[in-house]
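Here the structure is a predicted model, which means the values were calculated and not measured.
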Protein chains: 2
Amino acid sequence: MKKRDLNACPICHNLNIDDEEAFLDDLKCTFRVYAKNDLIIQQGQLCEAFYMLTIGSVRTEMVSENGNIMGIETIEAPKPIAAALLFSDNNRFQFNVIALDDVEIIVIPKSEIMRMMMTNPDFMQNYLAHNANRTQVLTSRLQLLSIKTIKGKLAHYLLEQAKNTDKPFTVSKTQSELAEFFSVARPSLARSLSEMVQDGIISIHRKVYTIIDLNKMKELLV
Amino acid sequence: MKKRDLNACPICHNLNIDDEEAFLDDLKCTFRVYAKNDLIIQQGQLCEAFYMLTIGSVRTEMVSENGNIMGIETIEAPKPIAAALLFSDNNRFQFNVIALDDVEIIVIPKSEIMRMMMTNPDFMQNYLAHNANRTQVLTSRLQLLSIKTIKGKLAHYLLEQAKNTDKPFTVSKTQSELAEFFSVARPSLARSLSEMVQDGIISIHRKVYTIIDLNKMKELLV
DNA sequence: ATGGAAGTGTAACAATTGTTACACTTCCAC
DNA sequence: GTGGAAGTGTAACAATTGTTACACTTCCAT
């Protein structure tokens, strides 16, 4: 099993934790360990503590009333899980959390988080920044999903990845993952991609994409 | 012009502000006033202070590179505008903010917000709760947008509004607003609605909707 | 190296949604 | 009350996307 590295967690940024054990002892936290595919958190469950993923990776997914499953994201250690939820008025998890590996999670009581925030300005800044960054991620994903056509979504996504240049770049998601991210069918995504290649807008080799015609690409952003 | 009521703002909940003037003086804040249709905040602008909408209402909208406009939401006083943004790593507004009425906005320096949070646990709780609630709103909107069919979106939305009952309820949005909310074309939405009425799933009279067949409704949640 | 799983390309067809246009109704300010 | 704006209903047609199926490739663990 890998070891943990709290300093790499966005919440602990700049805290300079020398002695992890002492730090954690002080927080009155508890440790939990899970194996691959374990259900860590069940949708609807109350959130009354802070969950920090310290080792491994997890997947979050929403289950609709008729059993349909929608993946949201994967989270890799070290990162908090649903840091915002702890303080929300309706503090029930809106999703399942499932272990993708061997996983360790640290559970910290809300009161301890409050205390840390009141006494440590850096920690408070980190916590707020983390929440803010998540809000931004959600907002841009919303913007993406509100684009109606698949080519439009692709243009938005690829232009962002390419940082508006015509230099080659690597897309880490597979086509299937991209299709799920866009909430469209996989063959439809493949069709759009191959049409864009035919039209000389992009080129694709494995996971390396290149935008050939920036102007045509931007026209797709209807 | 209406008057302000800070105590009604979620950020000031339970602070019991008796003397608004004194409270605001203490915060070293500045006041800004806008008329209807004024551009209050421009997309891309840096966010280096806390913006609180104290009087009136505003609309936020994103402008894509080719000039396409997408409305996000309207905010009514008293509420913060983009409270999270202040602490994010990329603290530029992702949207325009436009006055819908006569508007007053209070601008509070980041340092003052930090100070308030460190010294006033209630304020900190409020701030965190507000961010957390916004995250939840965004998450459920994401879930909504990821549903592929219009009827599915309608089912999700209306079931939530009806709180899963077959009792009549009022939908505050017009069909056009709903269509924009779902990011679909207005006539398409109208078609879906009338088909659902024909199929005996719902009934509509003006803005009062009733779910007649809860089971059929839930089947639409693909 | 090899078998199986995962990922990709593509085709035919079905289903859904968008577009455009126009008539009609409701609402509201004057 | 009246005119105009906003909201709604609906139709024909175009465009896009989904579904299903299958062949092929790549990747990876044994």
Side-chain angles (χ1 to χ4, degrees), chain A residues 36-37 59 68-71 74 100-102 144-158 170-199 201-209 216 219-222, chain B residues 36-37 59 68-71 74 100-102 144-158 170-199 201-209 216 219-222:
Chain A
K36 184 171 179 175
N37 292 328
R59 171 184 160 87
N68 200 41
I69 293 180
M70 174 208 156
T74 67
L100 290 176
D101 309 314
D102 288 333
L144 179 72
L145 280 185
S146 73
I147 297 173
K148 284 173 186 145
T149 64
I150 298 182
K151 286 183 189 173
K153 290 178 186 174
L154 277 169
H156 179 96
Y157 180 81
L158 294 177
T170 301
V171 172
S172 63
K173 292 182 193 295
T174 66
Q175 279 193 14
S176 305
E177 288 167 343
L178 259 188
E180 192 185 338
F181 190 65
F182 292 166
S183 191
V184 300
R186 201 269 310 164
S188 304
L189 182 83
R191 175 175 43 207
S192 293
L193 276 174
S194 68
E195 282 173 10
M196 287 164 77
V197 171
Q198 278 187 343
D199 294 348
I201 303 177
I202 58 174
S203 74
I204 310 177
H205 296 99
R206 307 291 162 93
K207 293 192 165 189
V208 178
Y209 291 58
K216 277 191 191 170
E219 282 170 15
L220 294 176
L221 281 176
V222 182
Chain B
K36 183 170 179 175
N37 293 327
R59 169 184 161 89
N68 201 40
I69 293 179
M70 173 208 157
T74 67
L100 290 175
D101 310 312
D102 287 332
L144 179 73
L145 281 185
S146 73
I147 297 173
K148 285 174 187 147
T149 65
I150 297 182
K151 287 184 188 173
K153 290 178 186 173
L154 277 168
H156 179 95
Y157 180 80
L158 295 176
T170 301
V171 172
S172 63
K173 292 183 195 292
T174 66
Q175 278 193 16
S176 304
E177 289 168 343
L178 259 188
E180 193 184 337
F181 189 65
F182 292 167
S183 191
V184 300
R186 201 268 311 164
S188 304
L189 183 82
R191 175 174 45 206
S192 293
L193 277 174
S194 68
E195 282 173 10
M196 287 164 78
V197 171
Q198 277 188 344
D199 295 347
I201 303 179
I202 58 175
S203 74
I204 310 178
H205 296 98
R206 307 290 162 92
K207 293 194 165 189
V208 178
Y209 291 57
K216 276 191 193 170
E219 282 170 16
L220 293 177
L221 282 176
V222 181

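Using a 4.0 Å cut-off on heavy atoms, the residues of residues 171-186 of chain A that approach DNA chain D are V184(A), A185(A), listed by number.
Per the geometry, CD1 belonging to I204(B) stands 16 Å off C1' belonging to dT25(C), to the nearest Å. Rounded to an integer number of Å, the gap from R191(A) CZ to dT19(D) C1' is 10 Å. Put simply, CD on Q198(A) is 8 Å from P on dT10(C), counting in whole angstrom units. Put simply, NZ on K148(B) is 12 Å from P on dT17(C), counting in whole angstrom units. For the pair E195(A) CD and dT10(C) P, the computed distance is 11 Å after rounding to whole Å. Atoms CG (L193(B)) and P (dT8(D)) sit 10 Å apart, rounded to a whole Å. If you measure from atom CG of L189(B) to atom P of dT16(C), you get 16 Å, rounded to the nearest angstrom. One interatomic measurement links the two molecules: CD1 of I150(B) to P of dT17(D), which rounds to 13 Å at whole-angstrom precision.
Within 4.0 Å of S188(B), counting heavy atoms only, lies at least one base atom of the nucleic acid.
Looking at the side chain of A190(A), the nearest of the listed nucleotides dT10(C), dG18(C), dT17(D) is dT10(C).
For the pair V171(B) and I204(B), the minimum side-chain heavy-atom distance is 4.5 Å or more. No side-chain heavy atom of K207(A) sits less than 4.5 Å from a side-chain heavy atom of S172(A). Under the 4.5 Å side-chain criterion, counting only non-hydrogen atoms from C-beta, R59(A) is in contact with L100(A).
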Next item on the list: Starting from the C-alpha separation in whole Å, work towards a yes-or-no answer on side-chain contact (heavy atoms from CB on, under 4.5 Å) for T170(A) and Y209(A).
Entry: CA-CA 6 Å; T170(A) 301; Y209(A) 291 58; over 6 Å; no

Margin query: Before you tell me yes or no, could you show the steps for L154(B) and I202(B) under side-chain contact (heavy atoms from CB on, under 4.5 Å), namely the whole-Å CA-CA distance, both residues' side-chain angles and the distance that decides it to 0.1 Å?
Written below: CA-CA 11 Å; L154(B) 277 168; I202(B) 58 175; over 6 Å; no

Note to self: Set out, in order, the CA-CA distance, both residues' side-chain angles and the distance that settles side-chain contact (heavy atoms from CB on, under 4.5 Å) for K36(A) and D101(A), then state yes or no.
What the structure shows: CA-CA 4 Å; K36(A) 184 171 179 175; D101(A) 309 314; 5.9 Å; no

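Of all heavy-atom pairs spanning H156(B) and L144(B), the tightest one is CD2-CD1, 3.4 Å.
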Margin query: Let's test your reading of the pairing rules: Watson-Crick or G-U wobble, both distances under 3.5 Å, then write DNA chain C as a dot-bracket string with ( ), [ ], | and dots.
Written below: ||||||||||||||||||||||||||||||

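Ionic pairing of K151(A) and E195(A) is present here: one or more N-O contacts between side-chain nitrogen and carboxylate oxygen are shorter than 4.0 angstrom.
For the pair R206(A) and dT26(D), the criterion of a side-chain N or O lying under 4.0 Å from OP1 or OP2 is met.
For the atom pair CG of L145(A) and CZ of F181(A), the computed distance is 7.5 Å after rounding to the nearest 0.5 Å.
Heavy-atom distances to DNA chain D give each of K207(B) and P187(A) a nearest nucleotide, and the one nearer the 5′ end belongs to K207(B).
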